Structure formats: structure tokens, C-alpha cells
Amino acid sequence: MSFITGSSENTWLPAMTANTTVASYWLNWRFFLCTIWVLIAITIASILIWKYEKFHKAEPDSGENKQETESDLLDDETWRPCLKGINPAWLLAFRIFAFFVLLVLLIVVALVDGGSIFYYYTQWTFTLVTIYFGLGSFLSLRGCYLNHKRVCGDKVDNVEVDSEKGNCATLAPGEGSGTSIERRGFNSIEQVDKRQPAGKWVLIFQIIFQMNAGAVMLTDCVFWFVLVPFLAIKDYHLTALVISMHSMNAIFLLCDTALNCMRFPWFRIAYFFIWTITYLLFQWIVHACFRLWWPYPFLDLSSPYSPLWYFTVGVMHIPCYGVFIFIIKMKHTLFSRWFPDSYQCPR
């Protein structure tokens with residue numbers, strides 16, 4: 001059991017610093033400078049969402065071909081695999097498996113460490129990843145049903161059998177069998193190409209996907225490259241649960257990224273900033289009301305270097321999100337080269 005929970009002798013907790021409930025802790029130049037960083041991030045995120053996101057209803061078709069933008073999203077992109085040869089049921093099975101593994105791991109961590117574990121940004125992000133796979137399982141299940149219904153419909157359209165007489169429908173005068181099959185095949189393809197635009201839940205799923213992409217990279221990078229070296233100085237031994245919490249989220253998300261067919265527009269980094277700012281504001285409110293230790297040392301506003309830390313962590317959002325954009329571009333390049341006739345992801 002100690003392999004999971006760790007030894008009490010090596011347990012490390014952040015030390016209590018200044019009293020965060022007094023006015024002097026907040027009314028100083030450090031807090032105001034950090035607030036400026038936060039306001040700048042909120043402003044940039046709001047401008048990106050307002051300029052590029054399409055929350056308004058689609059305009060009626062005027063008969064002209066409209067140019068598709070990177071913010072456009074189709075309904076089947078959430079459940080359709082990136083390769084035509086992969087059945088959507090495989091993506092559904094993977095998402096269900098990932099959802100239950102992450103959910104069980106989250107419950108175990110909560111039982112072992114208590115509800116205070118949700119005091120950390122890691123658990124916020126881990127919970128969001130779990131929600132992503134739960135919602136993705138539902139959308140994939142719905143997509144498999146629609147795909148099965150469409151395939152069965154195509155079979156009925158291609159072979160119209162008279163159940164009473166047991167023979168095929170009579171062809172129109174002057175219409176050969178080849179002409180009939182060709183016309184029906186064309187109508188079937190035309191029906192498939194009429195893909196529905198994304199609904200509300202599909203858009204929410206896409207936004208969660210892109211928030212997770214940046215948050216998982218930020219969480220794991222800060223943990224493995226900043227906190228782990230610091231914890232090593234404190235003689236803190238990593239446990240199986242801690243390692244799992246900071247690795248399984250990235251592994252499952254990268255696997256889903258390799259399988260799914262969703263696009264990854266750059267401007268939705270705005271939601272990644274909003275996600276982190278929400279966590280930060282939560283920490284500020286809690287510490288203003290209660291005297292508690294900070295879950296991460298760089299959040300402590302009593303340090304004269306806190307504005308620099310806040311600025312550094314904020315800037316880290318850009319490369320963390322950029323890493324995932326690079327992964328998506330590598331996926332497009334490699335898969336389109338390896339499977340030119342099967343790859344179907346939008347660019």
C-alpha cells in the first residue's frame with residue numbers, strides 16, 4: 001500500500017507562508033502587477049473568441065458556395081475516425097475504456113488523499129479529461145448509431161426488394177440495370193456528403209478537447225520539469241498514483257488525437273487561458289477568505305518574484321498549446337503520406 005500512498009516520512013506539503021487573509025497581503029504592487037497580467041490575458045482571450053468563434057446561428061443558404069473556415073465544425077467529426085478503414089466502433093471502444101480507467105483512477109486518488117486533492121490544478125485538468133472521454137463516449141455511441149442507420153439505409157436504397165413478390169423493383173422504361181445502379185450509387189454518395197453542421201454539444205466537446213490539449217501539456221511540463229526537481233530536494237518519493245495522474249491523461253489524450261477526426265484551430269487557445277484563469281481566481285478567492293498554504297509555490301504572492309512567476313507561467317501557455325498544434329500538423333503530414341486514399345481529417 002505504501003507503493004501507492006507513499007511513506008509518511010517522505011510526504012511533502014507546501015509550507016505556510018504569510019497570512020493571506022489580511023489586506024496587506026493583497027494591497028501591494030505584486031498583486032496589482034499580477035492582476036495586470038491576468039487582465040491582459042482575459043482581454044486577448046475575449047478578442048480571439050469574439051473575432052473567430054461562430055456562436056451565432058448559421059445564415060440561410062443564399063445559393064452561393066461559402067468558404068469553410070477553421071472554426072466551422074461538422075457533426076460527424078466528433079465520432080468519425082481519421083481513416084476510412086477504421087470503424088467508428090473502435091473509437092467508441094477506446095473512449096469508453098479511457099473514461100473508465102480515468103474515472104477509477106480519479107476515485108482512487110480522492111479516496112486515498114481526500115477531497116483536498118481537487119485543490120490542485122492537476123486534478124482540475126484530470127477531471128476535465130475524464131469529462132472529455134465521458135462526453136466523447138456518448139457522442140461516439142450516437143455516431144455509431146447514425147452510421148449504422150445510414151449504412152442500412154444505403155443497402156435498402158441500392159437493392160429495393162419487394163417483400164411480397166420477392167423480386168426487385170421494376171426499372172423505368174429505357175433504364176438499364178447499370179444506369180439504375182449508377183444513379184442510385186450517385187444519390188447515395190450525395191446523401192452521405194450532406195453532412196450536418198455541429199450542434200451545441202459537439203462545439204462544447206471541441207472546446208473541451210482544445211482546453212485539455214494545452215492544460216495537460218502545461219500540467220505535465222510544470223510537474224516533471226519544475227516541481228519534480230524541487231521535490232527531489234525535499235526527499236519526496238513519487239508514488240504510483242502521482243506518476244499515473246501526470247502521465248495517463250497525456251497518453252489517453254494523444255491516442256484519441258491520433259484516432260479522431262477533429263480539427264484544431266489555433267484561436268481556441270483563448271479557452272485554455274480562461275481555464276487557467278478560472279483556477280487562479282478560485283485560488284485567490286479561497287486564500288482571501290481562509291489562511292491556507294498555496295498548492296504551487298509560484299502562486300504565492302508574498303514572494304517578490306511572484307509577478308515574474310505569473311508572467312512566466314502565462315507565457316508557457318503558448319508553447320504548451322503550440323506543441324499540440326505541432327503534433328496535429330505532424331499527424332496530417334504523416335497520415336496523408338502513409339494513407340493518401342484513406343485519410344479524411346480536415347486541414
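None of the values given here were measured: they were computed from a predicted structure.
Take Phe138 and apply the ring-ring contact (aromatic ring centres under 6.0 Å, His included) test, not counting sequence neighbours, and it matches no residue. Under the rule for a ring-ring contact (aromatic ring centres under 6.0 Å, His included), Phe118 has no partner lying at least two apart in sequence or in another chain. Residues satisfying the side-chain contact (heavy atoms from CB on, under 4.5 Å) criterion with Trp50, sequence neighbours excluded, are absent altogether. Residues passing the side-chain contact (heavy atoms from CB on, under 4.5 Å) test with Cys221, sequence neighbours excluded: Phe225. Every residue two or more places apart in sequence or in another chain that forms a side chain to side chain donor-acceptor pair (under 3.5 Å) with Tyr25 is listed here: Trp294, Asp300. Every side-chain contact (heavy atoms from CB on, under 4.5 Å) that Ala213 has, sequence neighbours left out, goes to Phe264, Phe324. Scanning for ring-ring contact (aromatic ring centres under 6.0 Å, His included) contacts around Phe282 gives Trp124, with sequence neighbours left out.
The closest donor-acceptor contact from the side chain of Trp26 to the backbone of Thr20 lies under 3.5 Å. Here the side chain of Glu53 pairs no donor or acceptor atom with the backbone of Phe267 at under 3.5 angstrom. The backbone N or O of Ile327 lies less than 3.5 Å from no partner atom in the side chain of His332, so there is not a single donor-acceptor pair. At least one donor-acceptor pair closer than 3.5 Å links the side chain of Trp224 to the backbone N or O of His246. Side-chain N or O atoms of Asn28 include one that pairs as donor or acceptor with a backbone N or O of Phe31 at under 3.5 Å. Between the side chain of Gln344 and the backbone N or O of Pro81, at least one donor-acceptor pair lies under 3.5 Å.
Remark: of the listed residues Tyr279, Tyr296, Phe126, Phe298, Tyr279 is the sole one forming a ring-ring contact (aromatic ring centres under 6.0 Å, His included) with Tyr121.
Shown here for Thr21 and Arg291, the closest heavy-atom pair between the two residues is CG2-N, 3.5 Å. Here the closest heavy-atom approach between residue Ala270 and residue Leu48 is recorded as CB-CB, 4.1 Å. Of all non-hydrogen atoms in Ile318 and Ile269, the two that sit nearest each other are CA-CD1, 4.2 Å. Closest approach of Met245 and Val109 over heavy atoms only: SD-CG2, 3.6 Å. The two residues Cys255 and Phe94 come nearest to each other via the heavy atoms CB-CZ, 3.4 Å. Contact detail for Ala41 and Phe273: the closest heavy-atom pair is CB-CD2, 4.2 Å.
The side chain to side chain donor-acceptor pair (under 3.5 Å) pairs that include a residue from residues 305-319 are Thr276-His317, Trp284-Tyr310, where partners are two or more places apart or lie in different chains. The stretch residues 83-111 participates, sequence neighbours left out, in these side chain to side chain donor-acceptor pair (under 3.5 Å) pairs: Arg95-Ser140, Arg95-Asp256. Residue pairs meeting the side chain to side chain donor-acceptor pair (under 3.5 Å) criterion with at least one member in residues 202-211, sequence neighbours excluded: Gln206-Gln210, Gln210-Arg268, Gln210-Tyr321. Sorted by first and then second residue, the salt bridge (Lys or Arg N to Asp or Glu O under 4.0 Å) pairs with a member in residues 28-52 form an empty list; sequence neighbours excluded. Pairs of residues two or more places apart, or lying in two chains, never qualify as side chain to side chain donor-acceptor pair (under 3.5 Å) while including a residue from residues 34-48.
Inter-residue side-chain proximity for Leu106 and Leu102 is flagged as unmet; no heavy-atom pair is nearer than 4.5 Å. Put simply, the side chain of Thr130 does not reach to within 4.5 Å of the side chain of Asn249, judged on heavy atoms.
At a threshold of 4.5 Å between side-chain heavy atoms, the hydrophobic network of Ile, Leu, Val, Met, Phe, Trp and Tyr places Ile285 and Val38 in two separate groups. Cluster membership for Phe209 and Trp79, using ILVMFWY side-chain heavy atoms within less than 4.5 angstrom, is not shared. Cluster annotation: Ile40 is not connected to Ile47 through the hydrophobic network of ILVMFWY side chains, with a link wherever side-chain heavy atoms come within less than 4.5 Å. In this structure, Ile277 is not a member of the same hydrophobic cluster as Leu39, with clusters built from ILVMFWY side-chain heavy atoms closer than 4.5 Å. Neither Met316 nor Leu308 shares a network with the other; the hydrophobic side chains, linked directly or stepwise wherever heavy atoms of I, L, V, M, F, W or Y lie under 4.5 Å apart, form separate groups for each.
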